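Report on the structure given below.
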Amino acid sequence: MKSLLHKLNPQQRKAAITVDGPLLVLSGAGTGKTTTVVNRIAYMIGQGINPEHILAVTFTNKAAREMNERVKKMIGKHAQKMQVSTFHSLGLRILRENYERAGYNKYFTIYDTADQLAVIRKALRSISAAWKKYKPDDVLYTLQRLRKPHDESIDLKYENEFDGELYSTVWKKYRETLKNNNAVDYEDLLVLPLRLFKKYPDILKSYQNIFKYIIVDEYQDTNAVQFEFIKLLANKYKNICAVGDDDQSIYGWRGAEVKNILDFDKHFKNAAVIRLEENYRSTGNILKAANAVISANKNRKPKKLWTRMGDGNRIQLFAAIDEMAEAEFVVSEIIIHQIENKMSFGSYAILLRMNTQARPFEDVLRARNIPYVVVGGMKFYDRKEIRDFLSYLKSLANPDDDEALLRIINVPKRGIGNSTVKLLGEHAAIKNCGLFQAISTIHENSTVKPNTLAELNNFYNMMTDAKEKLKREPIAMVARNLWAEVNYIKELESSFNDPKKIAGRMENIDAMIDSIQYYENREKKSSLNGFLQQVSLNEEDDDEEFKKGKVAIMTVHSAKGLEFRNVFFAGVEQGIIPHNKSLATASGEDEERRLFYVAVTRAKSNLTLCYCKSRTKFGQKIEKIPSMFIDEIPENLLAETDGIDTKIADDDVADDLLNQFSAMFAE
DNA sequence: CGCCAATTATTTTTT
DNA sequence: ATAATTGGCG
């Protein structure tokens with residue numbers, strides 16, 4: 001164990017062995033933060049601390065996975081017993097272990113943003129003054145900002161009176177709906193455990209005694225609730241290690257408060273503070289560019305990141321005609337570079353500001369037979385057919401989930417239209433039960449036509465049968481049979497003519513069923529609810545093996561904490577980064593600059609910035625100009641390029657060459 | 001009452 | 001380009 005610590009620099013080592021009491025590690029990008037944390041954990045276990053008492057909290061699943069893997073590599077199976085999880089999955093665990101005292105039943109559903117929006121939309125619609133005037137998106141965002149952790153009201157002191165009243169009403173309806181549907185939203189996963197901690201000292205005490213040593217990664221991204229949660233949890237033993245970097249705070253829009261990290265030593269008395277400033281990741285030019293840009297931000301702790309490495313290559317800058325040309329350029333560069341340097345495709349990353357930029361890159365990579373993976377993206381679960389499929393499962397698992405039921409009660413069309421649904425709703429209100437339950441007694445309502453009644457009963461029986469089968473048969477099997485019975489292909493045929501498209505959508509469902517099977521094989525205590533909750537948190541560990549040797553496409557947010565030998569940052573345009581929508585708030589520009597900083601500091605050796613001169617938005621071509629942040633990079637660090645043509649004079653020759661290479665990669 | 005076609009809004013980032 | 005929503009037809 002000692003030999004391992006020798007590889008650390010003095011500050012890192014100090015951070016690794018300062019185990020007792022509060023500790024703040026201010027670690028700039030690429031200063032070996034994860035290495036330090038992993039060594040710290042190894043050291044703790046070496047000192048005889050039971051891994052079960054160690055909790056490491058991260059923000060994203062990627063970060064949790066990465067840490068888990070590195071700890072495992074270093075310490076082996078023994079480490080499995082420690083808890084590495086995101087805030088939200090930790091909250092879910094606590095909620096699952098205490099659901100009755102939190103006021104929910106065992107089968108609660110987690111609502112994602114789309115579910116939340118559906119509820120908000122409905123609430124808005126029921127208020128005549130609000131319909132059309134307020135966008136559900138904005139209302140949800142505002143409500144989340146105004147939400148108070150310790151009671152069910154919202155904080156209206158910043159809103160004007162009319163809006164305030166409206167927000168209160170919508171919020172009330174929103175909470176009622178979730179409660180009735182036995183559903184929680186993402187924030188509830190943090191808020192409810194926090195309330196449990198406050199209300200039931202025995203619960204708090206039991207978790208305090210489990211998690212005696214706490215490490216919080218990316219501490220600059222904690223919001224008020226997370227801060228309070230961690231503070232309570234650490235309050236007994238005070239062994240809290242916060243790791244973070246104020247320059248990488250990119251979750252302000254989600255309520256993250258940089259002051260949590262800036263004031264750490266005020267909140268935790270006698271905290272030790274350690275700074276990590278030697279960068280081991282990037283070459284000099286990349287680091288200089290990053291430093292130059294981030295220094296334009298006010299309100300930051302000054303730091304002096306430095307490296308022993310040489311300057312390395314200059315930062316490439318490429319101006320593309322449009323987004324297709326941008327993708328073509330990036331992929332050609334990857335191919336040429338890969339052939340010349342024989343690097344794994346896994347050492348390349350394409351970073352984006354938004355998920356929607358990924359499409360052209362996927363198309364070109366696929367056309368050129370380059371293995372790639374879209375990380376996060378999350379788009380898969382947003383596909384209509386997947387949401388439909390999951391809604392069937394959600395409705396099975398939690399019959400109170402009216403949102404799920406409404407989504408699928410007439411998909412595919414089975415003659416249960418809007419007015420029937422409305423009747424059903426009224427009937428449910430009279431019976432004071434969920435919509436699904438209401439179907440069983442809807443015959444009492446004589447206005448329902450016999451045909452409709454038969455359809456309703458068919459549906460009810462189909463779902464009830466599946467629910468029965470769930471008690472005996474594997475989940476995947478029940479799901480597959482239910483899906484066949486539903487005859488979903490009918491729905492697809494009504495919206496698409498292209499048989500390929502239809503087959504593709506059905507394959508997506510197959511993949512989903514496969515992942516249920518995978519979940520069942522892996523989990524000792526598998527349940528449909530467990531699977532769905534995991535899906536809601538995006539937790540399924542799509543195995544790292546799968547990603548190996550593939551070009552990674554992801555947003556900058558997803559890339560935080562990761563590093564790549566070669567980074568292409570695409571869409572570096574005004575309006576994308578900084579994003580138009582972010583410039584509305586005062587702190588917006590600074591956060592976008594930090595985002596740019598995070599993107600740049602992912603690169604180890606080669607960094608290429610790309611922007612388009614024009615881009616298609618909503619089917620319309622619009623002119624674009626380069627991002628202001630490019631101007632903030634000293635010119636001597638940049639090298640403009642024309643792409644493959646610079647290296648190979650003839651355009652056609654270059655194209656031929658690329659085609660040859662692409663053929664090589666096919667197999 | 002249910003279904004289809006025309007109209008309209010949608011794209012920030014994650015859990 | 002595409003998804004969601006609304007109004008009119010069968």
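The structure presented is a predicted model; accordingly, all values stated were derived computationally and were not measured. Each chain gets a letter, A, B and so on, in the order the sequences are listed, and its residues count up from 1.
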- Taking side-chain contact (heavy atoms from CB on, under 4.5 Å) as the test, write out the residues that go with A/A123, two or more places apart. A/V170, A/K173
- What residues, two or more places apart in sequence or in another chain, satisfy side-chain contact (heavy atoms from CB on, under 4.5 Å) together with A/L406? A/K122, A/V421, A/L435
- Hey, does the Lys NZ or Arg CZ of A/K179 hover above the aromatic six-ring of A/Y104, less than 6.0 Å from the centre and inside 45° of the axis? yes
In whole angstroms, how far is the [atom2] atom of [N] from the [atom1] atom of [X]?
X      : N      : atom1 : atom2 : result
A/L352 : B/dT14 : CG    : P     : 11 Å
A/Y251 : B/dT13 : OH    : C1'   : 7 Å
A/R65  : B/dT14 : CZ    : P     : 13 Å
A/Q144 : B/dT13 : CD    : C1'   : 13 Å
A/I409 : B/dG2  : CD1   : P     : 11 Å
A/F229 : B/dT15 : CZ    : C1'   : 14 Å
A/R414 : B/dC3  : CZ    : P     : 11 Å
A/N410 : C/dT5  : CG    : P     : 15 Å

Using a cut-off of less than 4.0 Å, is there contact between a side-chain N or O of [X] and OP1 or OP2 of [N]?
X      : N      : answer
A/T420 : B/dG2  : yes
A/N61  : B/dT14 : no
A/R254 : B/dT12 : no
A/T113 : B/dT14 : no
A/N418 : B/dC1  : no
A/N451 : B/dC1  : no
A/N223 : B/dT15 : no

For the side chain of [X], starting at C-beta, report the closest nucleotide among [options].
X      : options               : value
A/S582 : B/dT15, C/dT5, B/dT12 : B/dT12
A/H557 : C/dA3, B/dT15, B/dT14 : B/dT14
A/S558 : B/dG2, B/dT14, C/dT5  : B/dT14
A/H88  : B/dT15, B/dC4, B/dC1  : B/dT15

- Note on the structure: Those residues at least two apart in sequence (or on a different chain) that pass ring pair (Phe, Tyr, Trp, His ring centres under 6.0 Å) with A/F564 are none
- Query: In chain order, what residues pass the ring pair (Phe, Tyr, Trp, His ring centres under 6.0 Å) check against A/F87, with sequence neighbours excluded?
  - Reply: A/F59
- Note on the structure: On DNA chain B, more 5' by nearest nucleotide between A/E592 and A/T60 is A/E592
- Map A/T452 and A/Y141 onto DNA chain B by nearest heavy atom, then report which one ends up closer to the 5' terminus. A/T452
- Query: With sugar-phosphate meaning primed atoms plus P, OP1 and OP2, does A/G415 contact a base, only sugar-phosphate, or nothing at under 4.0 Å between heavy atoms?
  - Reply: sugar-phosphate
- Message: Regarding A/K413, tell me which of base, sugar-phosphate or nothing describes its non-hydrogen contacts under 4.0 Å with the strands shown.
- Response: sugar-phosphate
- Does A/W253 stack onto the base of B/dT13, taking stacking as ring centres under 5.5 Å apart and planes under 30° apart? yes
- Message: Quick one about A/N398 and A/T109 (side-chain donor to acceptor, distance below 3.5 Å, no hydrogens or angles considered), yes or no?
- Response: yes
- Message: Quick check on the 6.0 Å ring-centre criterion: do A/F596 and A/F629 meet it?
- Response: yes
- Message: Aromatic contact between A/Y460 and A/F436, with the criterion being ring centroids under 6.0 Å apart: yes or no?
- Response: yes
- Note on the structure: Residue pairs passing the salt bridge (Lys or Arg N to Asp or Glu O under 4.0 Å) test with at least one member in residues 607-618 of chain A, sequence neighbours excluded, are A/E326-A/R615, A/E573-A/R615
N/O-N/O pairs, protein side and nucleotides 5-11 of chain B side, under 3.5 Å:
unit_1, atom_1, unit_2, atom_2, d
B/dT11, OP2, A/D137, OD2, 3.0

- Hey, does the side-chain of A/T555 have a donor or acceptor N/O within less than 3.5 Å of a partner on the base of B/dT12? no
